[in-house]
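Presented below is the structure to which this report refers.
Note that these values count all heavy atoms, side chains included, but never hydrogens, waters or copies made by symmetry. Nothing fancy with the numbering, it's 1 onward along the sequence.
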Amino acid sequence: MSKSSNTGKEKLIDDDEEVLQAVILADSFNKRFRPLTARKPRCLLPICNAPLLDWTFESLALAGVQEIFVVCRSHADQVKAAIRESKWSKAGSGIKIVPILTAKETFSPGDAMRDIYTRGLVTSDFVLVMGDLVSNIRIDEVVRVHRERRKTNKDAIMTMVVKESGARHRTKARGDSSIFVLDPQTSECLYYEPVTAYPPTTLAHVPREIFAAHPELEIRNDLIDCSIDVCSVEVPSLFQDNFDYLDIRRDFVHGVLTSDLLMKNIHCYVAKEGYAARVKDTKSYESVSKDILSRWTFPLVPDDNHPSGHAYEHERGNKYLAKDQTVILARTCKIGNNTMIGASTQINENAEIVASVIGCNCSIGTGTIIRNSYIFDGTAIGSDCVIERSIIGAGVSIKDKSVVQRGSLVGDGVIVGPSALLRPFERLSRKRDSADSSEDEDSDLEDVEASQDLPHTLGKYSNAIVWPAGPPDDAEEDDIAAFKNERFMRLGDNASDLDVSDDGSESSSESSSSESDSGDSSDSDTDSDSHTAFNDISSSLNLPAGTPMAESEFQTEVKQSLERAFAEGHSIDNAAVELKTLRMASNVPLTRVREAVVGAIVEKIQIVDDGPVAQRKEISGVISRWGGLIDKIGGIDPIETVSALQVCMIEYKEGFSTHLNIFQSHCATSKRLPLFGQILAALYQDDIVDEDDIRKWHRLPIARGEGVKGKDDVLENLKKCWTIGTHMIKQFDEQESDEDSDEDDEDEDEDEDEGVNVESDVTKQMESRTRTGKVASNTTGNDVLATSSELSSEENATEDEESGEEESEEEGELGRQ
């Protein structure tokens with residue numbers, strides 16, 4: 001238990017006995033979750049059937065925090081009641097939690113920090129977090145590093161925790177990310193700049209003085225800001241001295257780093273392991289929910305250490321059912337993977353629940369379909385309803401034959417239906433009554449209720465009011481831009497209609513194409529400029545192996561797993577274990593796993609414009625690092641690998657059943673078609689395929705495109721890949737002939753070698769492999785891959801040559817007989 005008093009004021013104690021304090025800012029200071037937060041604070045919204053505040057308590061307890069101050073302004077009575085009911089407020093928990101009610105004039109994190117200073121709450125270094133944090137990072141290690149640094153540098157006032165994620169990650173909000181300029185030796189943050197999606201941030205304005213003072217810098221946009229800060233005791237006083245500091249990052253951090261007067265240092269702690277994310281908008285609500293169900297937050301998972309103390313049974317496919325045997329599932333209902341169902345909930349006949357969280361004491365009617373949605377406690381959903389990628393509050397009643405389309409938010413206590421239709425991104429709250437007289441009620445409720453347009457398709461029994469879908473007509477330009485930027489943080493919205501591209505970055509068309517259909521039945525986890533262009537349906541119903549739906553959803557899960565492995569630098573063994581687990585959970589053929597792995601490896605290879613040497617280096621680096629994963633997933637089949645690579649470079653994969661087939665198939669559908677020969681040579685170099693494998697693949701009729709139904713350009717690309725294989729086999733044959741000549745007359749062969757200066761790079765590779773067991777990866781694009789015109793002109797000659805070879809083989813066989 002803490003040794004401080006209720007006011008947090010006591011004399012400083014020795015470092016060895018110092019109590020680790022934390023401050024939680026419970027208010028969100030924005031309106032991204034309205035109307036769910038019209039009568040409830042965001043920190044008490046449930047995620048995976050536990051309030052966000054409880055997840056934050058768990059994260060701090062894991063780090064050894066002993067005293068927590070919860071600073072709140074709105075809905076303070078609800079926050080205090082939740083703290084009293086929390087298991088961490090019970091005797092023996094080892095943590096002291098003190099709620100602090102701030103003044104009504106507290107409208108920003110900066111105001112809250114000034115109030116903390118005025119009250120004198122903190123007496124030593126402390127941890128500062130928001131009330132919507134989910135994390136398993138050992139913050140105590142960050143505190144230790146911060147304190148060690150403070151011993152030699154008293155100006156090091158803050159350490160920010162950031163997480164490596166790669167450029168794309170689903171919990172990395174596109175509309176609210178950051179650029180960090182770091183000193184790689186000391187991890188000091190030299191410059192900070194926020195990044196918005198709209199208007200798009202295309203340039204970082206790093207002061208010239210930073211480059212002059214630091215010979216080596218890291219400019220990083222691949223870090224997730226966890227909003228976990230270890231602060232010295234003087235940080236609140238800096239807010240008190242500068243009333244312009246409102247936001248902690250945009251104002252305080254940026255202000256300190258650019259000030260010529262303060263002379264203070266801020267550092268970053270780059271976490272390479274662990275999980276940390278804030279639920280700061282509806283899109284991140286979905287992302288963090290999926291991460292919890294997928295067990296990325298371990299040991300904070302539903303079946304162990306559930307923050308609300310509920311007990312869940314973890315079943316195959318990441319299905320979580322309440323352990324108390326009160327869940328009632330009809331025999332004909334279908335429960336998909338990555339789904340959670342709370343206690344005393346009933347799922348009726350022919351209902352389908354896919355990748356969703358259902359709260360406690362809920363009822364799901366006959367024939368209702370719920371996909372990628374989040375249903376809070378006590379909600380009743382009638383028969384034959386459809387709910388797509390939405391959040392439904394507590395105590396809601398959705399009557400029969402109602403449809404809730406993507407991105408909808410339905411507040412607590414709302415009634416809609418029967419036969420209601422909620423359009424995409426609809427926001428509903430219930431009408432006010434005499435009991436709704438709380439001074440904490442959303443100030444905009446009255447205006448929204450007064451501006452209702454009648455009629456609306458909410459059903460004759462509805463008690464709902466509809467919130468406006470966009471900024472007001474008289475909104476200023478900055479407000480309109482802010483709304484458009486918020487769209488990138490909105491559940492189900494890929495904002496593909498906004499122009500956010502620039503000449504020097506990934507185009508919006510690329511991002512939006514990966515995020516397309518995000519709101520219908522596929523869920524393109526659409527931070528996917530991130531993450532993530534991930535497909536939202538991250539789980540499947542209990543479908544037989546091989547059905548299109550089962551395989552499609554499995555491919556989505558595999559894509560997520562591989563993107564995380566690439567971004568976070570997983571080992572080959574760890575990545576293979578996860579892929580095997582996904583395959584067993586989904587019961588799909590091994591071929592589908594291999595297709596996904598080969599496709600991901602090919603797409604990871606960047607097209608380099610600096611010439612063939614740089615391109616070969618890029619291919620060699622990727623294949624050397626990740627090529628071994630192809631064989632680690634089980635069932636080694638090099639022929640299948642090359643065929644998949646071929647089709648990777650056309651969009652047609654049906655019929656490819658055996659490593660070479662997959663390699664061929666991917667190249668034929670990709671803009672990396674010109675790299676087919678070089679990638680195949682790199683696979684040969686790394687012993688993933690060998691000469692016999694290439695010959696067997698080349699003899700397959702399907703490798704030549706025979707029996708493949710598709711567009712002419714698809715078949716042409718397949719034949720181009722096959723023709724490249726023809727050239728490689730011809731070089732194999734020439735190499736074997738040279739070896740025979742070597743055995744007959746080595747001296748003559750040496751003389752000939754000295755005079756040969758016109759051999760192709762591929763031939764040199766084959767000779768090198770024969771003599772040393774390795775092939776130098778020095779193939780040029782022109783050596784391995786002829787131009788399209790050359791290939792088309794040589795196809796007939798190649799086919800005639802192959803026909804002649806087959807006839808010769810037949811004659812030889814007759815002679816032997």
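Considering only heavy atoms from C-beta on, E426 stays 4.5 Å or farther from W467 through its side chain. Inter-residue side-chain proximity for I228 and V142 is flagged as unmet; no heavy-atom pair is nearer than 4.5 Å. Counting heavy atoms from C-beta on, the side chains of Q21 and K96 never come closer than 4.5 Å. Using a 4.5 Å heavy-atom threshold, the side chains of T282 and L36 count as separate. Side-chain contact between L300 and S59 is present, with at least one heavy-atom pair separated by less than 4.5 Å. Put simply, the side chain of F126 does not reach to within 4.5 Å of the side chain of V65, judged on heavy atoms. Contact annotation: the side chain of R119 never approaches that of F69 to less than 4.5 Å [non-hydrogen atoms, C-beta and beyond]. Considering only heavy atoms from C-beta on, D229 stays 4.5 Å or farther from V253 through its side chain.
One finds no salt bridge joining E286 and K283 here, because no Lys/Arg side-chain nitrogen approaches an Asp/Glu carboxylate oxygen to under 4.0 Å. Between K80 and D77 there is no salt bridge, since no side-chain N of the basic residue sits under 4.0 Å from a carboxylate O of the acidic one. Salt-bridge annotation for D304 and R295: absent, with no side-chain N of the basic residue lying under 4.0 Å from a carboxylate O of the acidic one. Contact check on D140 versus R138 returns a salt bridge, with a Lys/Arg side-chain nitrogen under 4.0 Å from an Asp/Glu carboxylate oxygen.
W55 places a side-chain N or O within 3.5 Å of a backbone atom of I47 that can act as its donor or acceptor partner. In this structure a side-chain-to-backbone donor-acceptor pair under 3.5 Å is present from N485 to Y198. A distance-only check finds a donor-acceptor pair linking the side chain of D377 to the backbone of C360 [under 3.5 Å]. At least one donor-acceptor pair under 3.5 Å links the side chain of D27 to the backbone N or O of S74. Distance alone, capped at 3.5 Å, places no donor-acceptor pair between the D132 side chain and the R278 backbone. For R32 (side chain) and K280 (main-chain N/O), a donor-acceptor pair under 3.5 Å exists by modelled atom type. Although no hydrogens or angles enter the test, the distance criterion places no donor-acceptor pair under 3.5 Å between the side chain of S108 and the main chain of D247. The backbone N or O of Y374 lies less than 3.5 Å from no partner atom in the side chain of S356, so there is not a single donor-acceptor pair. Listed for the R430 side chain is no donor-acceptor partner under 3.5 Å among the backbone atoms of G413. With hydrogens and angles disregarded, a donor-acceptor distance shorter than 3.5 Å links the side chain of T56 to the backbone of L52.
Considering all non-hydrogen atoms of both residues, S308 and D54 come closest at OG-OD2, 3.7 Å. A pairwise comparison of heavy atoms in G131 and I24 identifies CA-CG2, 3.6 Å as the closest pair. Of all the heavy atoms in N494 and F488, the pair that sits closest is O-CE2, 4.5 Å. In plain terms, the two heavy atoms of P35 and R427 that are nearest each other are CD-CB, 3.6 Å. Nearest heavy-atom pair, I224 versus A276, reported as atom, atom and distance to 0.1 Å: CG2-O, 4.4 Å. Residues S178 and Y192 share a closest heavy-atom pair of OG-OH, 3.0 Å.
Rounded to the nearest 0.5 Å, atoms OG1 (T201) and CD1 (I179) are 7.0 Å apart. To the nearest 0.5 angstrom, C72 atom SG is 8.5 Å from I100 atom CD1. Interatomic distance, E193 CD to H254 NE2, rounded to the nearest 0.5 Å: 6.5 Å. L45 CG to R42 CZ: the interatomic distance, rounded to the nearest 0.5 Å, is 8.0 Å. Separation of atoms CG (L53) and CH2 (W88) is listed at 12.5 Å; rounding is to 0.5 Å. With rounding to the nearest 0.5 Å, the separation of CZ in R389 from OG in S408 is 12.0 Å.
In summary, of the residues considered (R147, H267, H146), a side chain to side chain donor-acceptor pair (under 3.5 Å) with T159 occurs for H146 alone.
The neighbour count for F29 CZ, taken as heavy atoms of other residues, nucleotides or ligands under 6.0 Å away, is above 12.
Ring geometry for H310 against H306 counts as parallel: the plane angle stays under 30°, on a 0 to 90° scale with 60° as the upper cut.
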Please tabulate, one pair per line, all N/O donor-acceptor pairs under 3.5 Å involving side-chain atoms of residues 232-245, not counting sequence neighbours.
{"from": "S232", "atom 1": "OG", "to": "I157", "atom 2": "O", "distance (Å)": "3.3"}
{"from": "E234", "atom 1": "OE1", "to": "K264", "atom 2": "NZ", "distance (Å)": "3.1"}
{"from": "E234", "atom 1": "OE2", "to": "R150", "atom 2": "NH1", "distance (Å)": "3.4"}
{"from": "S237", "atom 1": "OG", "to": "E234", "atom 2": "O", "distance (Å)": "2.5"}
{"from": "N242", "atom 1": "ND2", "to": "L238", "atom 2": "O", "distance (Å)": "3.0"}

| Verdict with reasoning, L101 to V79, per side chain to side chain contact (heavy atoms under 4.5 Å, CB included) | CA-CA 10 Å; L101 177 60; V79 174; over 6 Å; no
| message | Set out, in order, the CA-CA distance, both residues' side-chain angles and the distance that settles side chain to side chain contact (heavy atoms under 4.5 Å, CB included) for F33 and V279, then state yes or no. | response | CA-CA 10 Å; F33 277 84; V279 183; 3.9 Å; yes
| What do the steps show when you test N49 against Y320 for side-chain hydrogen bond (donor to acceptor under 3.5 Å, both in side chains), and what is the final call? | CA-CA 11 Å; N49 292 342; Y320 301 89; over 6 Å; no
| message | Between K290 and W296, is the side chain to side chain contact (heavy atoms under 4.5 Å, CB included) condition met? List the steps. | response | CA-CA 9 Å; K290 291 182 181 298; W296 287 102; over 6 Å; no
| query | Can you check side chain to side chain contact (heavy atoms under 4.5 Å, CB included) on T102 and D111, steps first, answer last? | reply | CA-CA 9 Å; T102 64; D111 292 336; over 6 Å; no
| query | Between D115 and T118, is a side-chain hydrogen bond (donor to acceptor under 3.5 Å, both in side chains) present by the stated rule, with each step listed? | reply | CA-CA 5 Å; D115 195 53; T118 302; 5.1 Å; no
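Remark: D412 pairs with K40 by the salt bridge (charged side-chain N to carboxylate O under 4.0 Å, His left out) rule, at least two apart or across chains.
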